[in-house]
Undergrad: 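Below you'll find the structure I mean.
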Amino acid sequence: GASPYIEEALLWLPDHISDEKPGAIPSYSETPRFAEAPPVPAPSLAAQPADERPRVLVADDNADMRHYVTRLLAERYQVEALADGEAALAAARERAPDLILTDVMMPRLDGFGLLRELRAEARTQEIPVLMLSARAGEESRVEGMEAGADDYLVKPFSARELLARVGAHVQMARIRREAKQALQSNEQRLRMALSVARMVAWQFDPYSNAISVSDNAADVFGLPADADLEHSEQGFTLLHPDDVDRHRATIQKAVEDCASYQSQFRIVRPSDGQTIWMEERGQAVGDELGRTVQLMGIAMDITEQKLQQQALQRERDLLSVTLASIGDAVITTDTQARITHLNGVAEQLTGWTKDSAIGKPLELVFRIVNEQTRQPVENPATRTLRDGVIVGLANHTLLISRDGAERPIDDSAAPIRDKAGEVVGCVLVFRDVTERRAEEKAQSEWARLAALRADVSAAFATSQSLQAGLQACC
């Protein structure tokens, strides 16, 4: 009924108001009208030094209530008791407390007015507010909570209940504050990481085509200071014309399939006209029916990586041309003796094409046996990779090509080392010595015949019987 309002209103009359200064904690000669109860233990707060204890503002026009609440809280909290809402608001603006305990009915600015002012300002809107009132019932409690209060306590209340609720809200506020600080710290680290890595985080709504990007997007994409990137079409206008259709199709497929994707494309920076390479990785977020409701991901500047790849490709092209122009056959392997390259001469001698040989074990492509025993010969690359030394092929070695043809060869294997001197592969150089063997055989036969002729001539010159026989024939 109206009794609680009347009781509180009577306390506003001059007989019930002391001559203390506004906002100050009064001194009393009378006993408080509120029964006290044993304090509720709160070790996490009571153990703190006085200057580090949580700070609580108490706003109540009833001097006895202020005194009672102050005495209950003073052991665990720094308490500042104030006589009305205006004084409490000014104190909160000057130095934000950890919690505000306010009466609902007060002169000048009541509890609801104080709550509205607190929630309207960014600096004070997260301060926990507990409202005290003589109005009981669910309707009054709901009214207070809907107004933005964190809790609602009905008078009269016990000391235990007050301490428990204040302690709980102070703890929850501390946890929220620490979580917010941790989140802000993590966000700051993320911003720094994105900036250093030249990565842009983004989110995309495929239905409204709205996008949101991280703060460093303007720097990475080279956007003018007054430019916004809020719509997907604004993003597509940055792309190189040759890459737009392909990248758009990639995103559309990810939306349709509710899937992830990876795409590389070029953008032309509006600020300086520079063309840079980007790699975008996105992930679709679906609803309970598997339909895409959002895409989110990152786009990173890979220009430096692309330049390195292009430089490496130029070196590989130059190496391929060089190897192709060499008269010898050349095969390169990795540390596992798997083929990484072979030139045209090696293709002809082994019978394997480059495309079919790459990745195959060297022993499968480069099959060698002893010409005399027909037994397999240890591949020189095996020792090269094992010991890191240059190894030559033994004499009388035959190479058996893929079609079964046999050719005598000479070869040698040498390690491929990186800048640190570590073996990262092997290069095998070999040649067909069929013609050389034929020349050597012909030269050997010619030498044998020449020696035979010399022997015959010498024998004829020293043999009178041969000379006489020759004369008789003539």
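These numbers come from a predicted model, not from an experiment.
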Undergrad: Hey, is Arg291 close enough to Asp287 for a salt bridge, meaning N to O under 4.0 Å?
TA: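 Looking at Asp287 together with Arg291, the answer is yes, because their closest N to O distance falls below 4.0 Å.
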Undergrad: Taking all non-hydrogen atoms of both residues into account, name the closest pair between Pro415 and Val423 and its distance.
TA: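 Reported closest heavy-atom pair: CB-CG2, 4.2 Å.
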Undergrad: Taking the side chain as everything from C-beta on, heavy atoms only, tell me whether Leu132 gets closer than 4.5 Å to Leu101.
TA: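 With C-beta onward as the side chain, the pair touches.
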Undergrad: For Thr335, check side chain to side chain donor-acceptor pair (under 3.5 Å) against everything at least two apart and list the hits.
TA: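 With neighbours one apart ignored, the set is empty.
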Undergrad: Does the side chain of Leu162 come within less than 4.5 Å of Val69's, by heavy atoms?
TA: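 Answer yes - side chains close enough.
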Undergrad: Evaluate the salt bridge (charged side-chain N to carboxylate O under 4.0 Å, His left out) criterion for residues Glu161 and Arg165: first the C-alpha distance (whole Å), next the side-chain angles of each, then the deciding distance (0.1 Å), finally the verdict.
TA: CA-CA 6 Å; Glu161 182 180 17; Arg165 295 202 186 188; 2.8 Å; yes
Undergrad: Within a radius of less than 6.0 Å around CD of Glu178, do more than 12 heavy atoms belonging to other residues, nucleotides or ligands occur?
TA: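 Counting neighbours around CD of Glu178, more than 12 heavy atoms of other residues, nucleotides or ligands fall under 6.0 Å, so yes.
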Undergrad: May I ask you to decide if Asp98's main-chain N or O and Arg174's side chain share a donor-acceptor pair within less than 3.5 Å?
TA: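 No, the answer is negative, given that no donor and acceptor are paired below the 3.5 Å cut-off.
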Undergrad: Is Lys155 salt-bridged to Asp103, cutoff N-O under 4.0 Å?
TA: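 Asp103 and Lys155: salt-bridged.
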Undergrad: Looking at every heavy atom in both Pro224 and Pro270, which two are closest together, and how far apart are they?
TA: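 Minimum heavy-atom separation between Pro224 and Pro270: CD-CB, 4.2 Å.
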Undergrad: side-chain contact (heavy atoms from CB on, under 4.5 Å) with Ile175: which residues, sequence neighbours excluded?
TA: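 Ile175 satisfies side-chain contact (heavy atoms from CB on, under 4.5 Å) with no residue once adjacent residues are dropped.
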Undergrad: Answer yes or no: is there a side-chain heavy-atom contact under 4.5 Å between Trp202 and Ser212?
TA: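 Counting from C-beta outward, Trp202 and Ser212 never come under 4.5 Å.
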Undergrad: Evaluate the side-chain proximity of Pro54 to Val166: yes if any heavy-atom separation is below 4.5 Å, no if none is.
TA: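 Val166 does not reach Pro54 side chain to side chain.
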Undergrad: What closest approach, in Å, do Arg417 and Gly388 show between heavy atoms, and which atom pair accounts for it?
TA: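 Here Arg417 and Gly388 meet closest at NH2-O, 2.8 Å.
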Undergrad: Which pairs pass salt bridge (Lys or Arg N to Asp or Glu O under 4.0 Å) with one or both residues in residues 270-283, sequence neighbours excluded?
TA: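 Residue pairs passing salt bridge (Lys or Arg N to Asp or Glu O under 4.0 Å), neighbours aside: Arg269-Asp272, Glu279-Arg281.
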Undergrad: Should Arg367 and Asp403 be marked as a salt bridge (charged side-chain N to carboxylate O under 4.0 Å, His left out) after you check the CA-CA gap, both sets of side-chain angles, and the distance that decides it?
TA: CA-CA 12 Å; Arg367 297 170 55 209; Asp403 61 4; over 6 Å; no
Undergrad: Looking at Leu307, I'd like to know if its CG atom is crowded, meaning that more than 12 non-hydrogen atoms belonging to other residues, nucleotides or ligands lie closer than 6.0 Å.
TA: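 Counting other residues, nucleotides and ligands, CG of Leu307 exceeds 12 neighbours.
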Undergrad: May I ask you to test the Ile251-Leu295 pair for a side-chain heavy-atom distance under 4.5 Å?
TA: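 Answer yes - side chains close enough.
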Undergrad: Which pairs, with at least one residue in residues 192-209 and sequence neighbours excluded, count as a salt bridge (Lys or Arg N to Asp or Glu O under 4.0 Å)?
TA: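 Those involving residues 192-209 are Arg198-Asp219, Arg198-Asp301.
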Undergrad: What residues, two or more places apart in sequence or in another chain, satisfy ring pair (Phe, Tyr, Trp, His ring centres under 6.0 Å) together with Tyr261?
TA: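 Partners of Tyr261 by the ring pair (Phe, Tyr, Trp, His ring centres under 6.0 Å) criterion come out as none, since no residue qualifies.
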Undergrad: Would you name the heavy atoms of Thr384 and Val389 that are closest together and state the gap between them?
TA: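 Smallest interatomic distance, heavy atoms only, reads OG1-O, 3.0 Å.
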Undergrad: If the condition is ring pair (Phe, Tyr, Trp, His ring centres under 6.0 Å), which residues does His169 pass it with, not counting sequence neighbours?
TA: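 Applying ring pair (Phe, Tyr, Trp, His ring centres under 6.0 Å) to His169 gives none.
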Undergrad: Looking only at heavy atoms, what is the nearest atom pair of Arg123 and Ala92, with distance?
TA: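 Reported closest heavy-atom pair: NH1-O, 3.5 Å.
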Undergrad: Applying side-chain hydrogen bond (donor to acceptor under 3.5 Å, both in side chains), run through Thr340 and Thr332 and close with a yes or a no.
TA: CA-CA 6 Å; Thr340 57; Thr332 60; 2.8 Å; yes
Undergrad: For Leu239, check side-chain contact (heavy atoms from CB on, under 4.5 Å) against everything at least two apart and list the hits.
TA: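 Leu239 satisfies side-chain contact (heavy atoms from CB on, under 4.5 Å) with Phe236, Val244, His247, Phe265, Ile267 once adjacent residues are dropped.
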Undergrad: Using side-chain heavy atoms (C-beta onward) and a distance below 4.5 Å, is Ile100 in contact with Pro97?
TA: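 When only atoms from C-beta onward are counted, Pro97 and Ile100 do touch, with a gap below 4.5 Å.
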Undergrad: Look at the side chain of Thr303 and the backbone N and O of Ile276, then say whether any donor-acceptor pair between them is shorter than 3.5 Å.
TA: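 No.
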Undergrad: Restricting to side-chain contact (heavy atoms from CB on, under 4.5 Å), what partner residues turn up for Lys253, sequence neighbours left out?
TA: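 If we apply the side-chain contact (heavy atoms from CB on, under 4.5 Å) test to Lys253, skipping adjacent residues, the hits are Asp257.
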Undergrad: Using only heavy-atom distances, determine whether the side chains of Ser401 and Thr350 contain a donor-acceptor pair under 3.5 Å.
TA: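 Per modelled atom types, Ser401 and Thr350 side chains form no pair under 3.5 Å.
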Undergrad: Do the non-hydrogen side-chain atoms of Leu362 and Leu364 ever get within less than 4.5 Å of each other?
TA: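 No. Closest side-chain heavy atoms not under 4.5 Å.
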Undergrad: Any salt bridge linking Lys180 with Glu126? Criterion: basic side-chain nitrogen under 4.0 Å from a carboxylate oxygen.
TA: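 Yes, this pair counts.
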Undergrad: Please list all pairs meeting ring pair (Phe, Tyr, Trp, His ring centres under 6.0 Å) that have one or both residues in residues 209-235, counting only residues at least two apart or in different chains.
TA: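 Counting only pairs at least two positions apart or across chains, no ring pair (Phe, Tyr, Trp, His ring centres under 6.0 Å) contact touches residues 209-235.
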Undergrad: Who pairs with Gln313 by side-chain contact (heavy atoms from CB on, under 4.5 Å), at least two apart in sequence or on another chain?
TA: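 Only Arg316, Asp317 meet the side-chain contact (heavy atoms from CB on, under 4.5 Å) criterion with Gln313.
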Undergrad: Flag the pair Arg93 and Glu121 as a salt bridge only when some basic side-chain nitrogen lies within less than 4.0 angstrom of an acidic carboxylate oxygen.
TA: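 Yes, this pair counts.
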Undergrad: Check whether more than 12 heavy atoms from other residues, nucleotides or ligands sit under 6.0 Å from atom CD of Gln310, and answer yes or no.
TA: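 Enclosed.
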Undergrad: Which residues pass the side chain to side chain donor-acceptor pair (under 3.5 Å) test with Asp355, not counting sequence neighbours?
TA: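 Result, side chain to side chain donor-acceptor pair (under 3.5 Å) vs Asp355: none returned.
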Undergrad: Write down the atom of Ile298, the atom of Met300, and the distance for their closest heavy-atom approach.
TA: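 Shortest heavy-atom contact: CD1-CE, 3.7 Å.
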Undergrad: Which pairs count as salt bridge (Lys or Arg N to Asp or Glu O under 4.0 Å) when at least one residue sits in residues 239-250, sequence neighbours excluded?
TA: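 Matches after skipping sequence neighbours: Glu233-Arg248, Asp243-Arg246, Asp243-Arg266.
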Undergrad: Is there side-chain contact between Leu109 and Asp84, with heavy atoms separated by less than 4.5 Å?
TA: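 No, too far: nothing below the 4.5 Å cut-off.
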Undergrad: Salt bridge or not for Arg66 and Asp60, using N-O below 4.0 Å?
TA: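 Between Asp60 and Arg66 there is no salt bridge, as every charged N stays at least 4.0 Å from the carboxylate O atoms.
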Undergrad: Can you check whether Ala210's main-chain N or O pairs, donor with acceptor, with Ser208's side chain at less than 3.5 Å?
TA: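 Side chain of Ser208 to backbone of Ala210, a donor-acceptor pair under 3.5 Å: yes, one is there.
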Undergrad: Quick one: does any side-chain atom of Ser260 pair with a main-chain N or O of Gln283 as donor and acceptor, under 3.5 Å?
TA: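 No: the side chain of Ser260 does not pair with the backbone of Gln283.
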